[in-house]
Amino acid sequence: MAEQEKDAALPSKENFSEWYNDLLQKGEIMDVRYPVKGSYVWFPFGFNIRRNVYEIMRKLLDTDHQETLFPLLIPENEFMKEAEHIKGFEEEVYWVTHGGTSPLDVKLALRPTSETAIYPMYKLWVRSHADLPLRLYQIVNTFRYETKHTRPLIRLREITSFKEAHTVHATWDDAAAQVDEAIRIYKEFYRMLAVPVLPSKRPDWDKFPGADYTIATDALMPDGKTLQAGTAHHLGDNFAKTFDIKYEDAEGEQVYAYQTCYGVSERSIAALISIHGDDKGLVLPPSVAPVQVVIIPIIFKESAEVLEACNNVMSMLEDAGIRVKMDASDDRPGAKYYKWEMKGVPVRLELGPRDLKNNAAMLARRDTGEKVQVSLDNIKEEVLSLLDAVQDGLYEKAKDELEARIFECSSLEEAKTKLSEGITKLFWCGEEECGLKLEEDVGAGILGIPTEQDARSGKCPVCGADAKTMVYVARTY
Ligand code: P5A
Ligand code: ZN
């Protein structure tokens with residue numbers, strides 16, 4: 001390794017926290033040097049990943065949602081209407097109190113989430129059952145004065161990529177079905193990022209402020225902690241009553257509507273980077289990689305021919321819709337490999353004079369390091385199928401890893417020893433008192449009740465009573 005490359009090397013992924021911070025900088029995802037705590041800057045490369053990630057989200061939502069955009073500022077009187085919601089957020093709100101040097105008549109909140117911005121308008125928009133269901137979403141920045149340790153992409157004070165959907169329905173059951181649909185969408189979204197997620201119903205003490213119930217999707221990070229990577233909330237008619245959102249039903253009665261909301265943030269990008277990356281840098285799923293294939297011409301003397309062949313390959317791949325880049329810079333091939341590995345490019349294509357004589361090229365996979373020689377005659381098909389293989393391989397590997405790190409435990413003692421490795425699964429009687437005691441005793445949080453329950457029975461490890469359900473318990477971000 002050249003000196004310059006040694007300096008640029010990452011700490012081992014074993015030291016996850018250091019590795020993560022260093023990777024954000026060296027992989028050019030985020031610059032963490034911005035002088036406001038909890039706010040970070042997207043490098044153009046990171047922003048390109050973000051664009052691809054949110055393009056996937058938009059495609060999934062646009063089938064039956066509409067995109068919208070609401071103001072950032074929320075008047076205090078609207079914000080203060082829903083009691084539970086206020087309780088949940090009051091410590092996290094940033095307030096705008098002045099315009100220039102003049103105090104404002106009504107303080108304005110920077111949205112920590114947009115229920116109280118959107119629902120006063122829903123009151124005006126929802127008139128009859130024919131207006132329902134109403135499904136809107138926006139992708140915006142939100143502000144939360146987080147007091148826990150802030151971390152880039154994971155716990156931000158300015159969340160830059162808050163995708164929030166807000167739906168209105170005629171009945172409680174319709175809203176419940178929408179919550180299930182939201183979780184289906186999130187599972188699909190994460191599938192495309194090659195990130196397996198575990199859905200579970202949060203315990204009551206951990207549901208969204210103002211909701212009837214919350215279902216979350218959690219991802220398992222390499223250090224064994226889970227990351228809440230998306231949540232869907234059934235709001236009942238709680239907000240409808242507060243904001244007076246009513247519709248005229250088929251009998252001509254004015255009745256309150258039922259609502260849901262669900263959100264995802266750039267934690268999605270934290271999860272995909274953390275789960276797939278390795279000691280050499282980013283490993284990006286082709287679905288979101290800004291560069292899917294990098295072509296490295298191996299140039300000695302016959303450079304003109306090699307370059308011409310590389311250009312041909314590049315245009316063929318571009319025509320197939322592949323995001324390709326050629327690195328014909330003067331750097332040594334080793335330095336180029338190093339650079340593009342750090343950037344997580346899924347497939348590297350090497351072509352030199354000897355390959356050209358054989359009418360062939362070398363393909364190297366970023367995820368496994370495997371190399372294969374392929375014929376230039378069907379280069380497009382070979383590359384496309386290798387990109388698919390990387391995409392699927394990343395998901396399968398992450399899924400195996402997740403499954404291997406869920407431990408069913410029958411006692412609190414056993415859970416304690418397993419929590420450093422991953423997620424534990426325990427029986428629970430369903431009593432809040434036992435749940436809180438369990439969390440305290442094992443020093444970790446109840447994620448929730450798996451959305452798919454098995455029929456087995458067991459005993460609550462805290463009180464010994466018959467268990468109602470199983471719960472996932474994990475150390476969380
Ligand atoms: C759902 C969308 C809401 O705010 N209102 C509109 C609902 N839910 S939530 O659970 O509070 O947030 C949704 C998701 O946003 C992510 N998230 C964060 N990401 C980065 N930094 C933060 N400080 C932060 N807070 C929440 C989580 O993934 C959460 O599931
Ligand atoms: Zn119990």
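Start at 1 and go down the list; that is how both ligands and their atoms are numbered. Computed over heavy atoms, backbone and side chain alike; hydrogens, waters and symmetry mates excluded.
Distances below 4.0 Å separate heavy atoms of Ala229 from the following atoms of ligand 1: 28 (O). Numbered from 1 in the order shown, with element, the atoms of ligand 1 that lie under 4.0 Å from a heavy atom of Cys261 read 1 (C), 5 (N), 7 (C). Near Glu115, with a cut-off below 4.0 Å to any heavy atom, the atoms of ligand 1 are 5 (N), 6 (C), 7 (C). Close approach of ligand 1 to Ile159 (heavy-atom distance below 4.0 Å) involves ligand atoms 18 (C), 21 (N), 22 (C), 23 (N), 24 (C), 25 (N). Residue-ligand proximity, Arg155 to ligand 1, at heavy-atom distances under 4.0 Å covers atoms 21 (N).
Between Leu132 and Asp174, every side-chain heavy-atom pair lies at or beyond the 4.5 Å cut-off.
A salt bridge links Lys399 to Glu403: one of the charged nitrogens lies within less than 4.0 Å of a carboxylate oxygen. A salt bridge links Lys26 with Asp22: at least one charged nitrogen is closer than 4.0 Å to a carboxylate oxygen. By the 4.0 Å N-to-carboxylate-O rule, Arg184 lies close enough to Glu181 to be salt-bridged with it. At a threshold of 4.0 Å, the pair Arg405-Glu401 counts as salt-bridged, since one of the basic side-chain nitrogens sits closer than that to a carboxylate oxygen.
Looking at atom 3 (C) of ligand 1, its nearest protein heavy atom turns out to be Phe208 CE1, 3.3 Å. At the shortest separation from atom 15 (O) of ligand 1 among protein heavy atoms lies Phe162 CE1, 3.6 Å. The single protein non-hydrogen atom nearest to atom 16 (C) of ligand 1 is Ser265 OG, 3.4 Å, given as residue, atom name and distance. If you check which protein heavy atom lies closest to atom 21 (N) of ligand 1, you get Leu156 N, 3.0 Å. The nearest heavy-atom contact from the protein to atom 28 (O) of ligand 1 is Gln228 O, 2.9 Å. At the top of the distance list for atom 9 (S) of ligand 1, counting protein heavy atoms only, stands Thr231 OG1, 3.6 Å.
With the Zn ion (ligand 2) at the apex, Cys434 SG and Cys463 SG define an angle of roughly 100° (rounded to 10 degrees). Here Cys429 contributes SG and Cys460 contributes SG, and at the Zn ion (ligand 2) these two atoms make an angle of 110°, given to 10°.
For the pair Arg144 and Phe89, the NZ or CZ position fails the cation-pi test of under 6.0 Å to the six-membered ring centre and within 45 degrees of the ring normal.
Closest approach of Asn238 and Thr242 over heavy atoms only: O-OG1, 3.0 Å.
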task: List the steps and the verdict of side chain to side chain donor-acceptor pair (under 3.5 Å) for Thr142 and Thr113.
output: CA-CA 6 Å; Thr142 58; Thr113 170; over 6 Å; no
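Comparing heavy-atom distances from atom 4 (O) of ligand 1 across Arg144, Glu164, Arg111, His233 singles out Arg144 as nearest. Nearest to atom 23 (N) of ligand 1 by heavy-atom distance, out of Lys148, Arg267, Glu146, is Glu146.
Counting heavy atoms under 4.0 Å from ligand 1, residue Ile154 touches it through the backbone alone.
Centroid-to-centroid, the aromatic rings of Tyr122 and His166 stay 6.0 Å apart or farther. Between Tyr213 and His234, the ring centre distance stays below 6.0 Å.
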